[in-house]
Amino acid sequence: SYFAKRTLPRAGRVLVRAPNLIESLLKIGARKETLVVTPSGVRDESLGSFDGDKFLKKYGVTGGPIMLFMGRLNPLKGPENLLLAAPGLLNQFPEAAFVFVGPEQSGYLDHLRTVANGLGIGSRVYFTGPIYDFQEKMEAYASCDVFVLPTSYEGTSQAVFEAMSQARPIVATDVGGIPFQIKNGREGTLVPYADVGALAGAIESMLKNPELAEELGKNARD
């Protein structure tokens, strides 16, 4: 905030990812007339049909249902919270798979693997590394039953928008600009950051109510 308070008042334009972020920027010195809301978005082709089974086969993902995380493997993105939620879900769905797509940062992948193995769920957790090819990335979204983003903060998430374009129901944290993207109970479920119980419960509810998950996914795509 030290840097922001000295630069924001002098900026000619400030690009804001979501309208619900404006108030916090005003509090640290931004001038209202300079703020322009510019959400992230998706390519038109993202609304097409993609072969999720092709993705699962390539990376050797077996079983189901599939929970997908797409993003940097960084503590701030919350992937560890999804791992911590996994044992309870596996008690209900023993063949569930937890797929993490994204580049690691600062050796965090080793930590996540240690956590998964310590929880006894290593065989149901898959780390693919980053995927930059558009077709393959969309196949990853198409492969999942629930898209999960347990992040500590986002402006708006391109990954959430891309998952929505593939009619995936979303479970995400109620932080930053995500409530601008996802209305709780309409396109997905929002939970507090780091509340592993709420995260697991929201995913479990999706999996036990496929009709609800399908409705949320359709609303998300619409």
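Residue numbers start at 1 and run along the sequence shown.
Leu21 and Leu190 are not part of a single hydrophobic cluster, where members link through side-chain heavy atoms under 4.5 Å apart. Residues Val160 and Val16 do not share a hydrophobic cluster, defined by chaining ILVMFWY side chains whose heavy atoms lie under 4.5 Å apart. Val42 and Phe180 fall into different hydrophobic clusters, defined by Ile, Leu, Val, Met, Phe, Trp and Tyr side-chain heavy atoms under 4.5 Å apart, directly or through other members. Under a hydrophobic-cluster definition in which Ile, Leu, Val, Met, Phe, Trp and Tyr are linked whenever side-chain heavy atoms come within less than 4.5 Å, directly or via other members, Ile28 and Val175 are assigned to different clusters.
Put simply, the side chain of Arg17 gets close to the backbone of Thr38: a donor and an acceptor are under 3.5 Å apart. Remark: the backbone N or O of Ala220 is not paired with any side-chain donor or acceptor of Arg186 at under 3.5 angstrom. One N or O on the side chain of Thr156 and one on the backbone of Ser40 form a donor-acceptor pair closer than 3.5 Å. Side chain of Ser205 to backbone of Ala202: no donor-acceptor contact under 3.5 angstrom is found. Panel note: side chain Arg168, backbone Asp145; no donor-acceptor pair is recorded below 3.5 Å. Between the Glu104 side chain and the Leu109 main chain, a donor and an acceptor come within less than 3.5 Å of each other.
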Quiz item: Please walk me through it: do Asp222 and Lys218 pass salt bridge (charged side-chain N to carboxylate O under 4.0 Å, His left out)?
Solution: CA-CA 6 Å; Asp222 290 344; Lys218 179 182 182 300; 3.0 Å; yes

Practice problem: Would you sort out whether Glu23 and Lys27 count as a salt bridge (charged side-chain N to carboxylate O under 4.0 Å, His left out), showing the intermediate values? | Solution: CA-CA 6 Å; Glu23 184 177 352; Lys27 289 180 179 178; 3.6 Å; yes

Exercise. Determine, stepwise, if the pair Phe50 / Ser143 fulfils side chain to side chain contact (heavy atoms under 4.5 Å, CB included).
Key: CA-CA 9 Å; Phe50 297 89; Ser143 75; over 6 Å; no

Practice problem: Start with the C-alpha gap between Tyr59 and Val101, add the side-chain angles, then the distance that decides, and say whether side chain to side chain contact (heavy atoms under 4.5 Å, CB included) holds. | Solution: CA-CA 11 Å; Tyr59 290 98; Val101 177; over 6 Å; no

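In this model, no donor atom of one side chain and acceptor atom of the other lie less than 3.5 Å apart for Thr151 and Thr173. In the model, Glu162 has no side-chain atom that pairs as donor or acceptor with a side-chain atom of Gln166 under 3.5 Å.
Both the sub-6.0 Å distance and the 45° axial angle are not jointly satisfied by Arg124 relative to the ring of Phe98.
Under a cut-off of 6.0 angstrom, the local environment of CD in Gln92 is crowded, with over 12 non-hydrogen atoms contributed by other residues, nucleotides or ligands. Remark: Glu211 CD is loosely packed, at most 12 non-hydrogen atoms of other residues, nucleotides or ligands lying under 6.0 Å away.
Salt bridge present: Glu136 and Lys58 bring a charged side-chain N and a carboxylate O closer than 4.0 Å.
Taking Ile, Leu, Val, Met, Phe, Trp and Tyr as hydrophobic and joining them when side-chain heavy atoms fall under 4.5 Å apart, one finds Leu15 in a cluster with Val36.
Counting only residues at least two apart or on different chains, the ring-ring contact (aromatic ring centres under 6.0 Å, His included) pairs with a member in residues 136-169 are Tyr141-Phe147.
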Name the atoms and distances for all side-chain donor-acceptor pairs under 3.5 Å in residues 66-91, with sequence neighbours left out.
from: Arg72; atom 1: NH1; to: Gln105; atom 2: OE1; distance (Å): 3.0
from: Asn74; atom 1: OD1; to: Leu76; atom 2: N; distance (Å): 2.8
from: Asn74; atom 1: ND2; to: Gln105; atom 2: OE1; distance (Å): 2.6
from: Lys77; atom 1: NZ; to: Glu154; atom 2: OE1; distance (Å): 3.4
from: Lys77; atom 1: NZ; to: Glu154; atom 2: OE2; distance (Å): 2.5
from: Glu80; atom 1: OE1; to: Tyr108; atom 2: OH; distance (Å): 3.3
from: Glu80; atom 1: OE1; to: His111; atom 2: NE2; distance (Å): 2.9

